[in-house]
Amino acid sequence: MPELPEVETVVRMLAPLKGRVIREVMVLHQPSVAGSPGKMSMLAGRTIERVWRRAKFIRVDLSEGLGLAIHLRMTGWLGVLAATVKDPKRDPYVRVRVSLDDGSEQLVFNDIRTFGRVWCGTRESLDALKSLKKLGPEPFDISPTEFAQRLRSKKSRLKSLLLNQEFLAGVGNIYADEALFGAGLHPLMIAEKVSVARAKRLLKSIQEVLQAAINAGGSSVENFKRPDGESGWFQRELRIYGRGGETCVVCGTVVKRILVGQRSTSFCPKCQRVF
DNA sequence: ATCTATTCCTGGCTGC
DNA sequence: TGCAGCCAGGAATAGA
């Protein structure tokens with residue numbers, strides 16, 4: 001599922017769309033578009049100025065102050081395809097088509113499980129979306145001191161806190177588990193009991209795992225694919241996520257799998273302790 | 001403030 | 001081979 005590194009991969013690969021003109025927007029599955037799907041027609045004729053990211057939201061800035069916001073959630077996929085391409089395996093799940101320039105290519109939003117959403121409107125109205133507005137800081141934009149302070153003001157368990165987008169934006173289930181493993185912290189530890197030094201170490205671990213995953217083009221877990229259809233390869237580097245029942249890559253202890261806030265969580269009971 | 005449970009959805013896996 | 005049942009989970013929401 002796309003988390004920050006996967007969304008960053010998508011954004012980097014779609015950056016060359018800058019300068020292209022939207023010809024027509026076709027909504028094939030109305031619930032994939034927030035609000036009135038008919039509003040999408042306002043995008044016709046606009047020029048793409050920039051593709052960027054905030055947390056797991058993809059933003060497309062358009063001319064005349066308009067824009068798109070896209071959240072891939074679990075199974076969303078974005079890519080540019082020739083209009084003539086017919087992929088029987090993928091076509092049934094295309095939810096929105098945005099034809100570009102002369103119409104020979106399309107920006108395609110594909111989403112098997114339809115959890116993903118597309119918003120359109122003025123950039124101001126997108127900025128004001130509740131889910132965007134309440135996002136916490138980006139993991140690469142917060143200082144260790146500030147992170148430690150924020151963390152130590154919370155009574156939640158570390159795993160739940162890392163998944164909370166209001167606390168820190170962009171981390172999901174995969175990288176939360178990986179970051180806690182890297183920092184040697186137990187997922188059930190209460191945040192306010194974490195020492196300043198260990199909190200700083202956790203931020204470092206989060207940044208390291210996110211950066212390594214970005215460098216690898218993301219993790220192709222579930223069915224994440226890059227916009228070019230290729231897999232990322234960081235899933236091969238995952239050290240703890242999804243390894244419940246296997247042996248720990250560091251110490252050989254059997255990795256435990258528990259539920260934390262309804263989320264599957266893997267951790268090593270020896271390497272990850274409650275301090 | 002923080003928790004749990006529920007909802008959305010469907011491909012892929014397990015077990016019979 | 002077929003099929004039922006379950007699992008994956010980001011975020012919103014309700015209720016405790």
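Chain letters run A, B, ... following the sequence lines, proteins first, then strands; residues in each count from 1. Both backbone and side-chain heavy atoms feed into the values below; hydrogens, waters and symmetry mates do not. Just so it is clear, the model here is predicted, and its values are computed rather than measured.
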Would you say [N] has OP1 or OP2 under 4.0 Å from some side-chain N or O of [X]?
X: His71(A); N: dA11(C); answer: yes
X: Lys134(A); N: dA11(C); answer: no
X: Gln165(A); N: dA11(C); answer: yes

If you look at every strand shown and take non-hydrogen atoms under 4.0 Å, does [X] touch a base, only sugar-phosphate, or nothing?
X: Tyr241(A); answer: sugar-phosphate
X: Arg157(A); answer: sugar-phosphate
X: Arg257(A); answer: sugar-phosphate
X: Thr75(A); answer: nothing

**Asked** With a 4.0 Å cut-off, would you call Arg239(A) and Asp177(A) a salt bridge?
**Response** no
**Request:** Output yes when Glu146(A) and Arg150(A) qualify as a salt bridge under the 4.0 Å nitrogen-oxygen rule, no when they do not.
**Result:** no
**Asked** Reading DNA chain B 5' to 3', which nucleotide is the first, and which the last, to come under 4.0 Å of any heavy atom in chain A?
**Response** dT2(B) to dG11(B)
**Message:** When you compare the ring of Phe115(A) with the six-membered ring of dG10(C)'s base, are the centres less than 5.5 Å apart and the planes under 30° from each other?
**Reply:** yes
**Prompt:** Between Gln262(A) and Lys155(A), which is nearer to the 5' end of DNA chain B once each is assigned its nearest nucleotide?
**Reply:** Lys155(A)
Nearest whole Å is fine: how far is [N] [atom2] from [X] [atom1]?
X: Arg73(A); N: dA12(C); atom1: CZ; atom2: P; value: 6 Å
X: Leu238(A); N: dA8(C); atom1: CG; atom2: P; value: 16 Å
X: Glu6(A); N: dA8(C); atom1: CD; atom2: P; value: 18 Å
X: Leu132(A); N: dA12(C); atom1: CG; atom2: P; value: 10 Å
X: Met74(A); N: dC7(C); atom1: CE; atom2: C1'; value: 11 Å
X: Arg263(A); N: dC7(C); atom1: CZ; atom2: P; value: 14 Å
X: Lys56(A); N: dA12(C); atom1: NZ; atom2: P; value: 10 Å
X: Arg117(A); N: dT13(C); atom1: CZ; atom2: P; value: 12 Å

**Prompt:** Mind checking whether Leu78(A) and Trp119(A) sit in one hydrophobic cluster, side chains of I, L, V, M, F, W, Y counted as touching below 4.5 Å?
**Reply:** no
**Request:** Indicate yes or no for a side-chain donor-acceptor contact from Arg95(A) to the backbone of Ile112(A) under 3.5 Å, with no hydrogens or angles considered.
**Result:** yes
**Asked** Quick one: does Asn173(A)'s side chain have a donor or acceptor within less than 3.5 Å of a partner on Arg263(A)'s backbone?
**Response** no
**Request:** Evaluate the side chain to side chain contact (heavy atoms under 4.5 Å, CB included) criterion for residues Asp127(A) and Lys133(A): first the C-alpha distance (whole Å), next the side-chain angles of each, then the deciding distance (0.1 Å), finally the verdict.
**Result:** CA-CA 7 Å; Asp127(A) 291 340; Lys133(A) 221 174 166 182; over 6 Å; no
**Prompt:** Which word best sums up how the rings of His71(A) and Phe57(A) line up, parallel for under 30°, tilted for 30 to 60°, or perpendicular for over 60°?
**Reply:** perpendicular
